[in-house]
Peer 1: 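What follows is a structure written as structure tokens; I'll ask about it next.
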Amino acid sequence: MSSANKRNFLELVELLSNYDPILKEHFMRLKHAVASGKRMTSYFSPKIQNALICLLGNHVKDKIVADIKKAKYFGILFDSTPDVIRYVHIEGDNVEVKESFLGFFPVAEKTAAELTENILQHLEEDGLDISLCRGQGYDNAATMAGIHGAVQAKIRD
């Protein structure tokens, strides 16, 4: 805890401790333990950092998916692997078109059938109904955007 360079995660947690009294107390105890040569469990190991980042990422994604579902209709944008959703967010009189990145997913094969299967599977896992999709956008690869037998045509069908 005494290092000047704690890495991004720990620097961010320390910054957040300025706004959270429980986190601030934990940091103060850690600093005191380090200063006095005592050992104390920090709960900031790389494994715990990754678990926290994963939990926070899932929470953010759940909020985005809930916002998309509230909008009802959406469009999908794919450039080989990224999963981006475009939708209209309406809050009172405020109407805003949003684009949200939902994540990357691995692709074993790059055939139109395999890519279509992956896209549909990930939309289903996110609880998004493809029948509510009102637009598709792809890169210019024939596998993705071709009008006959490419991903765009398969999803449209």
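Quick caveat, the model's predicted, so the values are computed rather than measured.
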Peer 1: Is it the case that over 12 heavy atoms from other parts of the model lie below 6.0 angstrom from the NZ atom of Lys63?
Peer 2: no
Peer 1: Is there side-chain contact between Lys70 and Glu91, with heavy atoms separated by less than 4.5 Å?
Peer 2: yes
Peer 1: Would a 4.5 Å heavy-atom cut-off, applied to side chains only, mark Leu10 and Gln49 as touching?
Peer 2: yes
Peer 1: Atom CG in Leu128, atom CG in Leu120: separation rounded to 0.5 Å?
Peer 2: 11.5 Å
Peer 1: So how far is it from Ile155 CD1 to Leu115 CG, rounded to the nearest 0.5 Å?
Peer 2: 9.0 Å
Peer 1: Assigning hydrophobic clusters by single linkage (Ile, Leu, Val, Met, Phe, Trp, Tyr; side-chain heavy-atom cutoff under 4.5 Å), is Val65 placed with Ile130?
Peer 2: yes
Peer 1: Is it true that, when you exclude Arg29 itself, more than 12 heavy atoms of the residues, nucleotides or ligands shown sit nearer than 6.0 Å to its CZ?
Peer 2: no
Peer 1: For the pair Asp126 and Lys61, find out whether any cationic side-chain nitrogen is under 4.0 Å from an anionic carboxylate oxygen.
Peer 2: yes
Peer 1: Are Val95 and Val97 connected in a single hydrophobic cluster, I mean Ile/Leu/Val/Met/Phe/Trp/Tyr linked by side-chain heavy atoms less than 4.5 Å apart?
Peer 2: yes
Peer 1: For Thr41 and Leu30, which heavy atoms make the closest approach, and how far apart are they?
Peer 2: O-CD2, 4.1 Å
Peer 1: Do the side chains of Leu12 and Met28 join up, straight or via other hydrophobic residues, at under 4.5 Å, putting them in one cluster?
Peer 2: no
Peer 1: With rounding to the nearest 0.5 angstrom, report the CZ to CD1 distance, Phe27 to Ile22.
Peer 2: 14.0 Å
Peer 1: First locate atom CD1 of Ile76, then atom SG of Cys133, and finally report the distance between them rounded to the nearest 0.5 Å.
Peer 2: 4.5 Å
Peer 1: If you compare all heavy atoms of Thr116 against all heavy atoms of Ala112, which two are closest, and at what distance to 0.1 Å?
Peer 2: OG1-O, 2.7 Å
Peer 1: Please tell me whether Gln121 and Glu125 have a donor and an acceptor in their side chains that are separated by less than 3.5 angstrom.
Peer 2: yes
Peer 1: Whether Lys31 and Glu14 form a salt bridge (side-chain N of Lys/Arg under 4.0 Å from carboxylate O of Asp/Glu) is what I want to check.
Peer 2: yes
Peer 1: Are Ile85 and Val60 linked, directly or through intermediate hydrophobic residues, by side-chain heavy-atom contacts shorter than 4.5 Å (ILVMFWY only)?
Peer 2: yes
Peer 1: Would you give the length of the straight line joining atom CD of Gln136 to atom CG of Leu77, rounded to the nearest 0.5 angstrom?
Peer 2: 10.0 Å
Peer 1: Taking the ring of His26 and the ring of Phe44, is the distance between their centroids below 6.0 Å?
Peer 2: yes
Peer 1: Roughly how far, to the nearest 0.5 Å, is the CD atom of Glu99 from the CD1 atom of Ile64?
Peer 2: 12.0 Å
Peer 1: Using atom types as modelled and distance alone, determine if a side-chain donor or acceptor of His122 lies under 3.5 Å from a backbone N or O of Asn118.
Peer 2: yes
Peer 1: Could you give me the CA-CA distance, side-chain angles and deciding distance for Leu52 and Phe9, then say whether side-chain contact (heavy atoms from CB on, under 4.5 Å) is met?
Peer 2: CA-CA 10 Å; Leu52 288 172; Phe9 179 83; 3.8 Å; yes
Peer 1: For Ala33 versus Met40, what's the shortest heavy-atom pair and its separation?
Peer 2: CB-CB, 3.9 Å
Peer 1: Please name the pair of heavy atoms, one in Leu23 and one in Asp20, separated by the smallest distance, quoted to 0.1 Å.
Peer 2: N-OD1, 2.8 Å
Peer 1: List the atom of Ile48, the atom of Tyr43, and the distance in Å for their closest heavy-atom pair.
Peer 2: CG2-O, 3.0 Å
Peer 1: Quick one, Asp67 and His89 - any side-chain contact, counting heavy atoms below 4.5 Å?
Peer 2: yes
